[in-house]
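These values consider heavy atoms only, across backbone and side chains, with no hydrogens, waters or symmetry-generated copies. Treat the numbers as computed from the prediction; the structure is a model and nothing was measured.
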Amino acid sequence: MTQLRLLSVAHNVGLGGAARSLRELIRNYDGADFDLAVPRFASVPDDAAIRSFFGDRLRRICRFWLPWSEVYAGHPTVRQSARSHLLFPLAWRAQQASFERFVRREHYDLVHLNSLVLHPMLRADLPMLLHVREILTEQHDRVRADAARAAGVIFIDEATRKPFTARLPEGHVVLNNPVDMTAVGTLPASLDERLHGRRDHLTVFAMIGDLNAEKGTPFVIDAFREVRSPDVRLVLVGRSADRAAFEQLAAGDSRIILWGEEREIAQVYSAADHVIRGEAYPCVGRTIYEALYAGCGVIVPGAADTNELFERERFADRVRFYAPRDRAAFVAAIEAAAPHRYPTKQGASNVTAYVAEFDRFVRRVLGKA
């Protein structure tokens with residue numbers, strides 16, 4: 001079968017879910033050779049750090065001013081992120097022609113845009129794939145029109161597909177993220193000390209990812225304080241610009257631990273019994289599948305009878321739902337889960353099946369099946 005030449009365009013190459021999903025694809029997709037385009041701005045890691053994260057199969061790394069279209073649930077306000085709203089669109093328009101000349105000169109089979117925020121890059125005369133990982137919330141018509149220019153669109157779940165229902169691209173697929181949790185099993189160092197108690201006597205609830213109001217961090221902290229048991233812990237793992245405010249909200253409750261960012265994320269899943277999400281709308285997301293594949297339980301906003309969870313039957317006994325931003329329902333879910341601990345982890349992976357499905361879809365939309 002013909003080896004494909006792909007250029008993946010990453011809006012973010014930090015520790016977030018989009019980057020982790022792209023890393024699994026690049027490391028495991030033998031049917032393609034990958035180059036990577038990353039944003040030009042200063043906070044992007046250097047080439048050595050990028051290669052360390054993505055692995056040896058990554059070939060060329062190139063940098064461009066890329067757009068960052070904030071049309072998704074939870075995007076920052078202009079006050080919070082003026083450069084995303086103002087600088088990046090202008091910088092992209094100034095460099096758009098040179099990017100498109102680069103793509104044509106290099107003869108890529110496919111340009112893989114790894115996020116909805118990159119939709120302004122789509123051109124009907126270039127072979128482009130849009131990977132929608134976010135929930136579209138505004139400027140629907142313009143974004144749908146851009147998506148219609150793609151050779152193909154991948155939605156990571158039904159929630160991300162739903163806003164496009166009125167104008168679905170002809171070549172599209174709903175495909176769960178690649179998740180490899182076979183590295184779980186090793187606990188973080190000094191875990192008992194960090195948890196303020198013996199791990200084998202506690203039930204550990206983890207919230208993993210960017211910690212902010214949109215993700216529900218203040219709601220989760222405030223509600224968790226109402227949980228009665230002294231033998232539960234809430235571990236908050238990820239970046240936060242509001243750490244001081246969250247510490248104040250925790251009000252000295254030693255059961256609530258602000259862990260900070262963690263590069264060895266498998267260790268967090270090894271230590272956790274349950275992973276929670278706190279959005280104000282039904283939401284599953286990558287961290288929930290990472291938790292399930294790691295052997296944890298999960299607590300998610302939404303309703304069991306309407307949720308489009310992948311592999312529902314396989315994971316049914318470890319999934320609990322609660323009404324979004326309903327304090328009483330959230331506390332009840334935590335207390336119901338507290339007796340259930342999952343201290344021994346043997347992680348699983350869906351990466352082989354994911355890569356095969358990704359390959360089939362890409363070759364179909366490119367006419368190379």
Side-chain angles (χ1 to χ4, degrees), residues 1 4 6 8 10 15-32 34 53-55 57-58 110 112 114-115 129-135 152-161 172-186 206 208-209 264-270 272-277 282-300 302 304 307-321 342 344-365:
M1 188 172 289
L4 300 178
L6 268 62
S8 277
L15 301 178
R20 295 204 300 276
S21 291
L22 181 57
R23 176 178 64 181
E24 296 300 337
L25 177 64
I26 290 175
R27 287 183 171 184
N28 293 281
Y29 186 12
D30 293 334
F34 281 90
F53 182 78
F54 285 97
R57 294 198 67 251
L58 181 62
L110 186 70
H112 170 231
N114 197 45
S115 170
L129 173 72
L130 180 65
H131 214 133
V132 181
R133 305 180 183 281
E134 306 84 357
I135 296 175
V153 178
I154 295 178
F155 300 99
I156 64 166
D157 55 24
E158 288 295 335
T160 58
R161 189 184 74 93
H172 75 274
V173 68
V174 177
L175 181 60
N176 192 11
N177 283 315
V179 179
D180 183 355
M181 300 306 295
T182 54
V184 296
T186 302
I208 301 170
E264 302 298 332
I265 197 67
Q267 293 187 9
V268 176
Y269 288 102
S270 299
D273 294 295
H274 303 272
V275 170
I276 60 180
R277 293 192 73 116
C283 186
V284 179
R286 181 181 174 88
T287 57
I288 293 303
Y289 290 108
E290 288 180 338
L292 292 169
Y293 275 87
C296 302
V298 299
I299 299 174
V300 295
N307 195 273
E308 299 286 349
L309 186 73
F310 291 101
E311 301 180 90
R312 288 187 62 141
E313 293 183 2
R314 175 180 177 181
F315 298 127
D317 63 333
R318 289 187 279 126
V319 180
R320 287 179 170 79
F321 296 95
Y342 305 99
T344 303
K345 301 295 186 352
Q346 185 173 358
S349 171
N350 71 349
V351 170
T352 299
Y354 174 89
V355 168
E357 182 60 29
F358 184 95
D359 180 69
R360 281 192 293 270
F361 177 70
V362 164
R363 292 181 186 276
R364 176 166 63 84
V365 298

Going by heavy atoms in the side chains, are Val173 and Glu357 under 4.5 Å from each other? yes
Where is the tightest heavy-atom contact between Ser270 and Gly185, given as atom of each residue plus distance? OG-N, 2.8 Å
Of all pairs that satisfy salt bridge (Lys or Arg N to Asp or Glu O under 4.0 Å), the ones with a partner from residues 177-186, not counting sequence neighbours: none
Against the six-membered ring of Phe34, is Arg57 placed for a cation-pi contact (under 6.0 Å from the centre, within 45° of the normal)? no
Have Tyr354 and Asn176 got a donor and an acceptor in their side chains that come within less than 3.5 Å? no
Is there a side-chain contact between Tyr342 and His274 in this structure, where contact means two heavy atoms from C-beta onward sitting under 4.5 Å apart? yes
Is there a side-chain contact between Tyr269 and Thr287 in this structure, where contact means two heavy atoms from C-beta onward sitting under 4.5 Å apart? yes
Looking only at heavy atoms, what is the nearest atom pair of Val298 and Ala291, with distance? CG1-CB, 3.6 Å
For a 4.5 angstrom cut-off between non-hydrogen side-chain atoms, does Leu129 reach Phe361? yes
What distance do Leu22 atom CG and Arg27 atom CZ have between them, rounded to the nearest 0.5 Å? 11.0 Å
Interatomic distance, Phe310 atom CZ to Leu175 atom CG [nearest 0.5 angstrom]: 7.0 Å
Does a side chain donor of either Asn177 or Arg20 reach within less than 3.5 Å of an acceptor in the other side chain? no
I want to check something: taking the side chain as every heavy atom from C-beta on, are Val355 and Glu24 in contact at a cut-off of under 4.5 Å? no
Taking side chain as C-beta onward, heavy atoms only, is Leu292 less than 4.5 Å from Val319? yes
Interatomic distance, CZ@Arg23 vs CG@Asn28, rounded to 0.5 Å, equals 10.5 Å
With Arg286 via salt bridge (Lys or Arg N to Asp or Glu O under 4.0 Å) - residues at least two apart: Glu290
I'd like to know if the side chain of Lys345 and the backbone of Gly295 have a donor-acceptor N/O pair within less than 3.5 Å. no
By side chain to side chain donor-acceptor pair (under 3.5 Å), which residues pair with Arg312, not counting sequence neighbours? none
To the nearest 0.5 Å, atom CG of Leu4 lies from atom CG of Leu110 at 8.0 Å
Closest approach of Ala272 and Cys296, non-hydrogen atoms and distance? O-SG, 3.4 Å
To check you understand the geometry: which heavy-atom pair defines the closest contact between Ser21 and Pro178, and what is its length? O-CG, 3.4 Å
Which heavy-atom pair separates Ser349 from Thr182 by the least distance, and what is that distance? CB-CG2, 4.1 Å
If the condition is side chain to side chain donor-acceptor pair (under 3.5 Å), which residues does His112 pass it with, not counting sequence neighbours? Ser8, His131
Side-chain heavy-atom pair Leu58, Phe53 within 4.5 angstrom cut-off: no
Sub-4.5 Å side-chain heavy-atom contact between Glu158 and Val284: no
Would you name the heavy atoms of Leu130 and Ser115 that are closest together and state the gap between them? CD1-O, 3.4 Å
Contacts of type salt bridge (Lys or Arg N to Asp or Glu O under 4.0 Å), residue Asp157, not counting sequence neighbours: none
Residues in ring-ring contact (aromatic ring centres under 6.0 Å, His included) with Tyr293, at least two apart? Phe315
